[in-house]
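Each ligand, and each atom within it, is numbered from 1 in the order the structure gives.
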Amino acid sequence: MALVLGVESTAHTIGIGIVNTEGKILADARATYFPKKGGILPREAADFISENYSKVLKEALAQAKVSLKEIDCFAFSQGPGLGGCLKIGSNVTRYLAIKHKKPLIGVVHGIGHIEIGKLLTEAKDPVILYVSGGNTQVIALSGGRYRVFGETLDIPIGNCLDQFALQVGLKHPGGPEVEKLALKGKNYIELPYIVKGMDLSFTGLLTSAMKLHKTGKYSLEDLAFSLQETAYAMLIEVTERAMAHTNKKEVLIVGGVAANKRFCEMLEIMAKERNAKAYYVPMKYAADNGTMIAWAGALMLKSGVKQELSKTSVRQKFRPDEVDVTWT
Ligand code: AMP
Ligand code: MG
């Protein structure tokens, strides 16, 4: 049994987790950057990560009651993400791996979300709906890779909610704020529903919701309600089609937006109609964290993945379908 330390630093969170290769979580430490106002400023986020890396590392080691010398493998988020944030995580983690003469494994951020979701639920071979601030993809394992069946053509769903919230004067992150307001909304206001084949577009929806808000004719509650209903229905339509195509009977939601209760409720209805089962990554591990990177790294290590150091530079546009899944 080996100990794997995983580092997440794709955007707002520096997260460090420690797991063993049997799937026991020994530590989950993190610090998250919240912009003073507005959205994430990439440079501030990168500074935040560099200022908090060692504190979070100390906390993770203390939680697991181990020292760096006892770590058998270091894993890190190789991408996709913000360049500056990724580089700090990768450079510091690479240094630790070299110093302690241990292997270094680069993990696709989204595969981290998928694998921690599978570890913590009973999902075996689900269609995965990956909905976060920086990503929106419908994924399923097919032919040895996590294939992307559908994805956003422009902004991710979480970003759409965050931008709407900012424009109408709510706090960042906007997802939970929009959710609170939507609970009080009663009237559905028609908004652009854009599904193109298996792909999605959220910018038209966002622009339209903001324009309607500016007219002053609609309550924010009704707009938040309509925004959620429309966006989530679009996501569920594409997910259902991926399930029909792959004949899979499980669906797993991962990423920060998985915290939304209405979204989960809508998904549940769809799953029931298909005699399928819906799984949700536990709230604590829905948002970005280092544990998911540690666990994906542990699976890769166990399956014999070896990466040369020269192949572990960061990739801002790294996709899950670029990696052979050798571990399931
Ligand atoms: P992640 O990028 O996976 O760390 O998740 C962050 C994203 O999840 C942000 O865009 C948040 O607005 C969104 N989010 C968090 N909680 C909720 C919620 N309850 N409903 C909708 N979106 C949420
Ligand atoms: Mg994420």
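- For Lys302, the NZ atom is densely surrounded, since the number of other residues' heavy atoms within 6.0 Å is greater than 12.
- Using a 4.5 Å heavy-atom threshold, the side chains of Leu252 and Val254 count as touching.
- With ring centers used as reference points, His12 lies 6.0 Å or more from Tyr33.
- The Mg ion (ligand 2) lies closest to atom OD1 when only the N/O/S atoms of Asp288 are considered.
- Not a single heavy atom of Phe164 sits closer than 4.0 Å to an atom of ligand 1.
- The shortest N/O to N/O separation between Gly158 and ligand 1 falls below 3.5 Å.
- For ligand 1, none of its N or O atoms has an N or O atom of Val131 under 3.5 Å away.
- For OH of Tyr95, the number of neighbouring non-hydrogen atoms (other residues, nucleotides, ligands) closer than 6.0 Å is 12 at most.
- At a 3.5 angstrom cut-off on N or O pairs, Gly175 counts as close to ligand 1.
- Remark: ligand 1 and Asn159 share no N or O pair separated by less than 3.5 Å (distance only, no angle test).
- Atoms of ligand 1 lying under 4.0 Å from any heavy atom of Asp162, numbered from 1 in the order shown and given with element: 9 (C), 10 (O), 11 (C), 12 (O).
- Below 4.0 Å from some heavy atom of Asp288 lie the following atoms of ligand 1, by number and element: 1 (P), 3 (O), 4 (O).
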>> Working note: Glu322 + Arg315, criterion salt bridge (charged side-chain N to carboxylate O under 4.0 Å, His left out); need CA distance, chi angles, decisive distance, verdict.
In response: CA-CA 11 Å; Glu322 290 178 70; Arg315 306 214 4 222; 2.3 Å; yes
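- Residue-to-ligand polar distances place His12 within reach of ligand 1: an N/O pair is separated by less than 3.5 Å.
- Using a 4.0 Å cut-off to heavy atoms of Ala259, the atoms of ligand 1 that qualify are 16 (N), 19 (N).
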